[in-house]
Structure formats: structure tokens, C-alpha cells
Amino acid sequence: MDAATIPEPISPVKEFLSKTQKLLIDGKRVEAASGETFEVLDPSNNSVLTRVPKGAKEDINRAVKAARNAFENGPWKKISVSERGKLIWKLADLIEARAEEFSQLETLDNGKPLTIARAVDVALVIDHFRYYAGMTTKIHGETIDISVPYAPGADFLDFTLREPMGVVGQIIPWNFPLLMATWKLGVALAAGNCVVLKPAEQTPLSALHLADLFQEAGFPDGVVNIVTGFGDAGATLAEHNDVDKIAFTGSTEIGHEIVKASAGNLKRVSLELGGKSPSIVFPDADLDIAAQGVASAIFFNQGQVCTAGSRLLIHKDVYDEVMERVSEEAKNIKVGPGMCADTNMGPLVSREQQERVLNYIRSGEMAGARTLTGGQVPENLESGCYVEPTVFDNVKQDMKIVAEEIFGPVVVAAPFEDLDAVIARGNDTEYGLAASVWTKDINKAHKVAKGLKAGTVWVNSHNIFDAAAPFGGYKRSGFGREMGIHALENYTQVKNVIIQLHD
Ligand code: NAP
Ligand code: MG
């Protein structure tokens, strides 16, 4: 791709990229204690966008201390819930005013098409903060009638208080950098916690841009702290004895590490992990909608979506027809730099991820799967981290491409014969994050939705997210729910107060 044909970022983005990047600790923008920095790359051509601080143990310790102080001693506790809501709403307004900056930064850093960064990532971010701005005034306890059999005739008032956890550590991945930060921050702040956020090393930029806005919105110092760095920074946060709760989104492998690290002080844990979600197509589905829908279920965001519809299960009667259409959809996807207006699919996030995905593709080919389309690095795009949209069939359950999460634009397809068999097949995975069912038959839709062990089931759609709709995993896809009122469970604890009323 000729560099001259790629649109330039707007000037505030260029200014952001040219300035010295800093952590946010205790309301101040600071360098890493070590003074070290690391490169941030644009995966469309692997050029260096900027450098960011390499936060590590000392920085995490300082950030946790700042969050603790803000939680125990700062003005945060005394701010009314209504004022707290206004701060979060103000944050949403500030992001909205800079929506184009955030969208372009996300595209440059992660690779995703700018059209998607605008319409999905940043739009959801703004909406999400507004949803939780409205929730601050709706968090409440309950009153309970108690009988106490060993105190006959006594009179009690029992009520609960729903209180914040305290200091919360949040570790996020690189696939939707700003949105993942938002899913974590919105509810944590709404519930009155103080936060230390560790963005992924591959995509730290939108979180660092967001860091400026907490001050501007009027959040007290130390309520939100942002430390960029590598896995060791995340590990320090996960094992820190003064962190009350750790929230993690990322791979199942690191999820195990988080659980182990949390054991020291038995901090609360919530995990959003990997997936291998089935898209199930019945013969009575509207096949135009279904073929397009299941293709987008896997190829959206370059397949780097924890809910990607990476296992396609198609009824045998329409298997050939749907496979032909899905392959056609894949071939028509325009792959290129995210900044170009006509790009449908950008590069993967990094060379490492590209290699990982290509290795899966090679393993599928060697195991005897048939490549219907894709499987290569697209021609003339070798300088970036691109992989063609890839469709496999002739697959067996024990192939790595069927069992493991690829986290790239690769789908494996297989035919099925009946409803019970497809539910069993859908559940034949260690994951349980999501699934979609494509049918016009309401009975089949409900039966499959009920039969699948997954945290989200979409019917005649896939990858639909809303701040009000709870999201999370069954099985090894994690535990705890983000979004909606359900997310409050992760960020509050219940205190029971019993008062004996004497005459
Ligand atoms: P990852 O390697 O697990 O990393 C996730 C985050 O954890 C990063 O910030 C990473 O830091 C940090 N980290 C690495 N080692 C750590 C350790 N020992 N202790 C604490 N933190 C540590 O995952 P990824 O490659 O970034 O993202 C892809 C994975 O995330 C996929 O498996 C995908 O399914 C999953 N994901 C799940 C959801 C969901 O909601 N369920 C959403 C998105 C992604 P560095 O990267 O800076 O080293
Ligand atoms: Mg990057």
C-alpha cells in the first residue's frame, strides 16, 4: 500500500503522539520510576507511533498507595452520589468532544478500521459511561424482616448497605483498548471505588489520552491511576496485598495466574477470559441474513473478539449453500490499513499475534482441514500484521483449530443433523462465553438458547453489546458479570446492620 494514499491523522492526534507520554498517579502525570519507556507500534506498517512509560513494581506500588489514600482520606468518599454521577457524565461529554481523536488513536494503535473505532468502540464508550453515571443514584441496600428464634418478642431493624470494595486493580487486553477500560472503570467509579488500571502493552494510547480527562472532569486525585507496562506490572497489581479486588480481561492462561496471585490477601476476583463461540445455522433461517451475520461474527475486529463466532455449525441441508456464501463474504472483505475509509478489515494487533494466527492456520492445513478461502498474508500488505479472512471445513473435534481460541479471522465449519446434536457440539468446548443461533423457528431458538452453556446467546444476531446487558462467561471463560446492574456485584460488598429496638 502506497503510504501517500493513507489519510493522515488529525492534528490533535499528531500532537498527542509527539508529546512525552506519562503515567497517571495521584492526579499527576509522571514518568516511570525507572525512567524506562517502550515503543508503541502501528500494526498497519509496524512504524513506531510513540514511546510510553514502562511502569513496573514501584509504579504500581505508588499507584495503589495513591488509590488507597484517595479512598480512605480523600474527598471522594464525601462526594454525594449525585455529584459522582455528574463527574462520570462529564467524563462522557469530554470523550464525546474528542471522539475523533480517540477513534483515530484506537485505529493507529490497534489496527482496527476507523469506521469501526468510531461507530462501535467510541460510541459504546460514551454510552457506557452515561449508563453508569445514571447508576450512582440507584445503588441501594434493602430492609429485611428477621425473626431470631432465640429472642422471642424482641424487635429488630435489619438493613443492608451496599458499599464499595475499596481499591480495585483492573487489567485489560488490547482488542478494544478504550472500551475494555471503560467496562472496568464505569461501574467501579459509579460504585465509589478507587482504581489502578493497567492497559495492555500493545495498546496503551487511548488509556493515556483518557488520563487527561479525569482531571478535567473534576475527579479527585488518586481516584483513577493508570500505569502502562508489561505483564509484570499486572502481576504486581494482582498480588498486591492492599488491593481489595482485581478485575481481569484477557487470556484464560493469565486468568489462572490472576487467581493464584489473588490468594495472598484473598482479594475478590472477576475474570473475562477467552472463548470459542459457536454460530449455529438452521435450514429455516433467512440465509441472506445468516450468511452475512455469521461471517461478520468471526471477521469483525479481525476476529480478535473474545465472543468471535469461531465455530460455524450449519445444518447439513443448507451446509454447502451457506459455506459458499460465507466464503464469498470472506473474499469480499477489503483488507487494508484501518485509516483508509474503504477498509473492512485491518491488520492484527502485532507481529506476534499475526504469527500466532498463521501458525494455527498452518496447523489446520497439516491436520487435514480444507481451506475454502484465505490462509495467507495478503499480497502487498507484508509490512503490516495482516492475515486474510480464512474459512476452514473438513475439520475434526481434536484439531487445534477447533479446540483452541485462535483470536484471529479464522473460522472452522462443520455440518450438523439435529437439534440435540448441535447443542452437544456447541457445548463441546472448555469455554462458555457466547453463541449465536440463526433460525426463524421460535421453539428451536429457545431450546438452543437454553441448552447452551454460555454467558450470552444471540438469536439472529451476533456481537450485540449494550451497557445495560450483562456479559460474562460460563466454564473457563471466566466468572462475574460486566455491564448492567449485574456488574455492581463485582464492585460492591454488602454490609448487614442489625439494630435491636428496645422499649
Ligand atoms: P493476555 O496476554 O492474557 O493479557 C491481558 C492483560 O494481562 C494484559 O494487560 C497483559 O499485560 C496482562 N498480563 C500479562 N501477564 C500477566 C500476569 N502474569 N499477571 C497479570 N497481568 C498480566 O491477553 P491478551 O493477549 O492481551 O488478549 C487476548 C485474550 O484476551 C484472548 O484470549 C481473549 O479471548 C481475551 N479477551 C477476553 C475478553 C472477555 O471479555 N472475555 C475480552 C477481550 C479479550 P501485557 O499485555 O502488557 O503484557
Ligand atoms: Mg500498537
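Both counts, for ligands and for their atoms, begin at 1 and track the order of listing. In this text the structure is predicted, and so the values were computed from the model without any measurement. Any value given below was found using the heavy atoms of this structure, including those in side chains, with hydrogens, waters and symmetry copies removed.
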Greater than 12 external heavy atoms within 6.0 Å of Gln292's CD: no

Asp393 side-chain N/O to Thr371 backbone N/O, donor-acceptor pair under 3.5 Å: no

Salt bridge Lys475-Glu430, side-chain N to carboxylate O under 4.0 Å: no

Residue pair Ser270 / Lys245, side-chain donor-acceptor N/O under 3.5 Å: yes

Within the 6.0 Å centroid threshold, strictly below: Trp183 and Phe471: yes

Throw together a table of side-chain donor-acceptor distances under 3.5 angstrom for residues 30-39, partners on residues two or more places apart or in other chains.
residue : atom : partner : partner atom : Å
Ser34   : OG   : Glu36   : N            : 3.0
Glu36   : OE1  : Lys54   : NZ           : 3.4
Thr37   : OG1  : Arg51   : NE           : 2.8
Thr37   : OG1  : Arg51   : NH2          : 3.4

Contact residues of ligand 1, where a non-hydrogen atom lies under 4.0 Å away: Ile171, Ile172, Pro173, Trp174, Asn175, Lys198, Pro199, Ala200, Glu201, Gln202, Gly229, Phe230, Gly231, Gly234, Ala235, Phe248, Thr249, Gly250, Ser251, Ile254, Ile258, Glu272, Leu273, Gly274, Cys306, Glu405, Phe407, Leu433, Phe471

